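Scroll down for the structure; my scribbles are underneath it.
Start at 1 and go down the list; that is how both ligands and their atoms are numbered. Just so we're clear, the structure is a prediction, and the values are computed from it rather than from any experiment.
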Amino acid sequence: MSALRVLVWNEGRHEKQDEAVGRVYPNGLHGAIADGLREAGFEVRTAVLDEPEHGLTEDALAQTDVLLWWGHKAHEDVRDEIVDRVQARVLAGMGLIVLHSAHFSKIFKRLMGTTCNLKWREIGEKERVWVVNPAHPIADGLPDQFVIPHEEMYGEPFGIPEPDSLVFISWFAGGEVFRSGCCYYRGQGKVFYFRPGHETFPTYYQAEVRQVLNNAVRWAAPTNGPGVPVVHVHEPLEDVPVWRG
Ligand code: ZN
């Protein structure tokens, strides 16, 4: 089987505008995320907001099995027609992995249909990520819990629809909890939201986090290849009489 084709999309603004972020992620958040996925054997490309069509051309998406999305300060700069295009690809079967502050991205809010609101606090506290569904493929190879030493806190209530599967719940040193690994089916596509990954912390270098993303790519990949939406009248398979009333 040929390697899954992964596209890591990043807004790419913090790294340029904030020296502290550039120090943690000299090749951008997308660079660090892509490195971990390449080590796992995936065929990985990257794209950023400031490329033409945000690097999300029809052609780029046609060559993508799973798209990862990191964004924070420039959600509104993502053009609506590109969001329409990504949404259509997800509904046709492309996997989508939504990271951290991308809970407020246009594409995630579109796919959820809810506010995606949450509480947050940025003091670099400890996050303990609990596996609450050890049988789920995204939990493969992980311990029953792992610690991220310093992270931003996200707290419940998280304004999302009830997940189709919940894989992780995070606990924070300040006392809050959060549904930090949420799976959804949308059309023929699969969507995974993963909470950790604030831009000033080296979260995307951590082994357990990379394991989660590797597992998530495998889970979110199209099962039978991206399909075509079914929108036609269907002839009966059996010899069935037409009821005339
Ligand atoms: Zn953040």
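Of the charged side-chain nitrogens involved, at least one lies within less than 4.0 Å of a carboxylate oxygen, so that Arg79 and Glu81 count as a salt-bridged pair.
The Zn ion (ligand 1) lies closest to atom NE2 when only the N/O/S atoms of His100 are considered. With respect to the Zn ion (ligand 1), His198 has ND1 as its nearest N, O or S atom.
Between the Zn ion (ligand 1) and Glu152 there is an N/O/S contact shorter than 2.8 Å.
Using cut-offs of 30° and 60° on the angle between ring planes, the pair Trp70 and His72 is perpendicular. Taking the six-membered ring for Trp and thresholds of 30 and 60 degrees, His103 and Phe158 have ring planes more than 60 degrees apart, a perpendicular arrangement.
Between the side chains of His150 and Glu125, no donor-acceptor pair of N or O atoms lies under 3.5 Å.
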